[in-house]
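Heads up: the structure comes next, in structure tokens.
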Amino acid sequence: MEINSIKNFFQEKFSATATCYFSPGRINLIGEHIDYNGGCVLPGAIDKGILAAIRPNGAKIVRAWSVDLSDYVEFGLEETDKPEAGWARYIFGVCREMIKRGAKIGGFDTVFSGDVPLGAGLSSSAALESTYAFALNELFQAGIDQKELVLVGQKTEHNYCGVNCGIMDQFASLFGKAGYLIRLDCSTMEYEYTPFDPKGYRLVLLDSVTKHELVGSPYNDRRASCERAALAIAKRHPGVEFLGQATEAWLEEVRAEISEEDYLRALYAIQENVRLRETVEALKRGDYETVGRCMFETHRGMSQLYEVSTEELDFLNQIAADCGVTGSRIMGGGFGGCTLNLVKEERYEAFVETAVRQFRERYGKEPKVYPVVISDGARKIE
Ligand code: GLA
């Protein structure tokens, strides 16, 4: 939705003017399911996200419209005021997490709309959280540091939405920078902007339009498996807190002590962490063939070891391989959503055309195609 439309919608509903804020969704080049394993990830913000108009109302109540869902909710700011509507819980959670950090958040009126596709693994929920965390921090002069705002979003997921996610999505949404990926160390929150301009290649997402819903999903089970494996390793190698600090050899030592399922999940996480490092080095050399190979390996790991892929995503990945695409993999949490594809310019048109056609022939519906534009993070929009 355009800025003027959202302002007009606000005016219509609340007979007043408001300030607008935007936060984006994200992609992640590589390092999947690694944020909660204490390793590094390589996300970037995209040009799609959530746009909100907000105005403090001087009361103790939040009055919120979701434009896209045509839904209206009112809620107070006490812990017991948690709204029923799923979308409103994100906003409520952000308010509560900021209040827990000492912010004096008052009531406000708001409307929001998004163009980041829901359930595509592009982190529409982090975009929503980051929009409100960033905006309320400014509007109520809460003075919360930007890294702490990342945790506000993450804890909203944990405490109000049922997903034990890591920090990657919220970090990318708040810290994104046009033209740069973020090499983020999730155990320390240290980060570095890495220029990303793969000359001669394009990055494109193919949305399998299959459901991606992390709430109440096996996402939390994956995390629990990794934590159990890390704990087993720590008994022999004190000081290991996350799988990001462990090696495959250490995992082999404890193989008999953990379940086969936990072993497979941990094996993926340890290997993915190594691939991340290899990819970062390859990027420095401009070696996109290695980046692409790592992406295919990630897909295999996510599909066969971590088991978060779907038949549709495996199908899209296979088409990419058949079309000579440089790199392709399932992206984000999994269980549906998109593949991320690194494609040579000259193969781009043929690949997209083939993928759309073959997917339609097989599943009777078309995958959506989103070219990736690496963009800026959370901001006020004048
Ligand atoms: C979801 C979570 C992130 C991260 C990814 C997988 O997007 O919100 O924290 O774990 O899945 O990399």
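Just so it is clear, the model here is predicted, and its values are computed rather than measured.
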Inset, instruction - Could you please spell out the steps behind the side-chain contact (heavy atoms from CB on, under 4.5 Å) verdict for R222 and E307? - result: CA-CA 9 Å; R222 299 298 183 282; E307 297 183 281; 4.0 Å; yes
Legend entry - Step-by-step side chain to side chain donor-acceptor pair (under 3.5 Å) determination, N317 to T339: CA-CA 7 Å; N317 182 259; T339 57; over 6 Å; no
Legend entry - side-chain contact (heavy atoms from CB on, under 4.5 Å) between K7 and C20, worked out: CA-CA 8 Å; K7 282 188 168 168; C20 289; 3.8 Å; yes
Inset, instruction - Let me see the working for D68 and S66 under side chain to side chain donor-acceptor pair (under 3.5 Å), right down to the final yes or no. - result: CA-CA 6 Å; D68 306 325; S66 161; 5.4 Å; no
Inset, instruction - In sequence, state the C-alpha distance, the side-chain angles, and the governing distance for S130 and L149, and then conclude on side-chain contact (heavy atoms from CB on, under 4.5 Å). - result: CA-CA 8 Å; S130 302; L149 289 182; over 6 Å; no
Inset, instruction - List the steps and the verdict of ring-ring contact (aromatic ring centres under 6.0 Å, His included) for Y90 and F112. - result: CA-CA 12 Å; Y90 291 100; F112 75 92; 9.5 Å; no
Legend entry - Trace of the side-chain contact (heavy atoms from CB on, under 4.5 Å) decision for E366 with V209: CA-CA 8 Å; E366 289 206 353; V209 292; over 6 Å; no
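Ion pair E257/R236 flagged as a salt bridge, since at least one NZ, NE, NH1 or NH2 atom sits closer than 4.0 Å to an Asp/Glu carboxylate oxygen.
Y370 and D207 share a donor-acceptor pair across their side chains, judged by distance under 3.5 Å alone. D71 and W65 share no side-chain donor-acceptor pair at under 3.5 Å. Of the N and O atoms on the side chains of D322 and Q318, at least one donor lies less than 3.5 Å from an acceptor on the other residue.
Not a single donor-acceptor pair under 3.5 Å links the side chain of Q141 to the backbone N or O of N137. Formation of a donor-acceptor pair under 3.5 Å by the D115 side chain with backbone atoms of K48 is not found in this model. Side chain of S375 to main chain of V373: a donor-acceptor pair is present (N/O by atom type, distance under 3.5 Å, no hydrogens or angles). In this structure, D81 contributes its side chain and E78 its backbone to a donor-acceptor pair below 3.5 Å. Without hydrogens or angle criteria, R379 side chain to Y21 main chain gives no donor-acceptor distance under 3.5 Å. Using a distance-only test at 3.5 Å, with no hydrogens or angles considered, a donor-acceptor pair links the side chain of H158 to the main chain of C165. Put simply, the side chain of T188 gets close to the backbone of E190: a donor and an acceptor are under 3.5 Å apart. Remark: the backbone N or O of F242 is not paired with any side-chain donor or acceptor of N37 at under 3.5 angstrom. Of the possible donor and acceptor atoms, one in the side chain of D376 sits under 3.5 Å from a partner among the backbone N and O of A178. Q146 places a side-chain N or O within 3.5 Å of a backbone atom of L174 that can act as its donor or acceptor partner.
E253 meets the salt bridge (Lys or Arg N to Asp or Glu O under 4.0 Å) test with no other residue; sequence neighbours excluded. Considering only residues two or more places apart in sequence or on other chains, R255 meets the side chain to side chain contact (heavy atoms under 4.5 Å, CB included) condition with E252, E260, Y263. Applying the ring-ring contact (aromatic ring centres under 6.0 Å, His included) rule to Y268 yields the partners Y306; only residues at least two apart in sequence or on another chain are considered. The salt bridge (Lys or Arg N to Asp or Glu O under 4.0 Å) search around R277 returns none, not counting sequence neighbours.
Taking the six-membered ring where the residue is Trp, the centroids of Y191 and F171 are separated by under 6.0 Å.
Closest of all the heavy-atom pairs between C40 and N273 is N-OD1, 3.8 Å. For the residue pair A246 and I233, the shortest heavy atom distance occurs at CB-CD1, 3.9 Å. Minimum heavy-atom separation, L181 to I374: CD2-CD1, 3.8 Å. What you find for H299 and I330 is that their closest heavy atoms are ND1-N, 3.0 Å. Nearest heavy-atom pair across F75 and P83 is CD2-CG, 3.9 Å. Looking at every heavy atom in both residues, T279 comes nearest to C294 through OG1-CB, 3.5 Å.
At most 12 heavy atoms of other shown residues, nucleotides or ligands fall within 6.0 angstrom of atom CD in E84. Counting heavy-atom neighbours within 6.0 Å of E2 CD, excluding the residue itself, gives a total of 12 or less. The environment of NZ in K365 is crowded: more than 12 heavy-atom neighbours from other residues, nucleotides or ligands sit within 6.0 Å.
In this structure, D197 and P195 have side chains that are not in contact, with every pair of non-hydrogen atoms separated by 4.5 Å or more. Using a 4.5 Å heavy-atom cutoff, the side chains of R228 and I258 are not in contact. In this structure the side chain of I182 never reaches within 4.5 angstrom of the side chain of T194, judged on heavy atoms. Side-chain contact check for S113 versus I50: every heavy-atom pair is 4.5 Å or farther apart. Annotation: side chain of I46 is not in contact with side chain of R26 (no heavy-atom distance under 4.5 Å). Within the 4.5 Å cutoff, no side-chain heavy atoms of L203 are placed close to those of N341. Side-chain contact between I167 and L184: present, with at least one pair of heavy atoms (C-beta onward) separated by less than 4.5 Å.
Q170 pairs in a side-chain hydrogen bond (donor to acceptor under 3.5 Å, both in side chains) with only one of the listed residues (K155, E129, K147), which is E129. With T298 as the partner, the side-chain hydrogen bond (donor to acceptor under 3.5 Å, both in side chains) test is satisfied by one option alone out of E272, R329, E32, R293: E272.
In this structure, F359 and Y363 have tilted ring planes: the angle between them lies in the 30° to 60° band.
By the 6.0 Å and 45° rule, K13 does not stack over the aromatic ring of F10. A cation-pi contact, defined as under 6.0 Å to the ring centre and within 45° of the axis, is absent between K82 and F92.
A continuous path of hydrophobic side-chain contacts links L29 to Y193 [ILVMFWY only; heavy atoms under 4.5 Å].
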Pairs of donor and acceptor atoms involving the side chains of residues 100-111, under 3.5 Å and at least two apart or interchain, shall be tabulated with distances.
{"from": "K100", "atom 1": "NZ", "to": "E97", "atom 2": "OE2", "distance (Å)": "2.8"}
{"from": "K100", "atom 1": "NZ", "to": "Y160", "atom 2": "OH", "distance (Å)": "3.1"}
{"from": "R101", "atom 1": "NE", "to": "E148", "atom 2": "OE2", "distance (Å)": "2.7"}
{"from": "R101", "atom 1": "NH1", "to": "E97", "atom 2": "O", "distance (Å)": "2.9"}
{"from": "R101", "atom 1": "NH1", "to": "E97", "atom 2": "OE1", "distance (Å)": "2.8"}
{"from": "D109", "atom 1": "OD1", "to": "N57", "atom 2": "ND2", "distance (Å)": "2.8"}
{"from": "D109", "atom 1": "OD1", "to": "R63", "atom 2": "NE", "distance (Å)": "2.8"}
{"from": "D109", "atom 1": "OD1", "to": "R63", "atom 2": "NH2", "distance (Å)": "3.4"}
{"from": "D109", "atom 1": "OD2", "to": "R63", "atom 2": "NH2", "distance (Å)": "2.9"}
{"from": "T110", "atom 1": "OG1", "to": "A53", "atom 2": "O", "distance (Å)": "2.9"}
{"from": "T110", "atom 1": "OG1", "to": "Y132", "atom 2": "OH", "distance (Å)": "2.7"}

Can you give the donor-acceptor pairs under 3.5 Å from side chains of residues 281-288 to other protein atoms, not counting sequence neighbours?
{"from": "E281", "atom 1": "OE2", "to": "K284", "atom 2": "NZ", "distance (Å)": "3.3"}
{"from": "R285", "atom 1": "NH2", "to": "D287", "atom 2": "OD2", "distance (Å)": "2.8"}
{"from": "D287", "atom 1": "OD1", "to": "E289", "atom 2": "N", "distance (Å)": "3.4"}
{"from": "D287", "atom 1": "OD1", "to": "T290", "atom 2": "N", "distance (Å)": "3.1"}
{"from": "D287", "atom 1": "OD1", "to": "T290", "atom 2": "OG1", "distance (Å)": "3.2"}
{"from": "D287", "atom 1": "OD2", "to": "T290", "atom 2": "OG1", "distance (Å)": "2.6"}

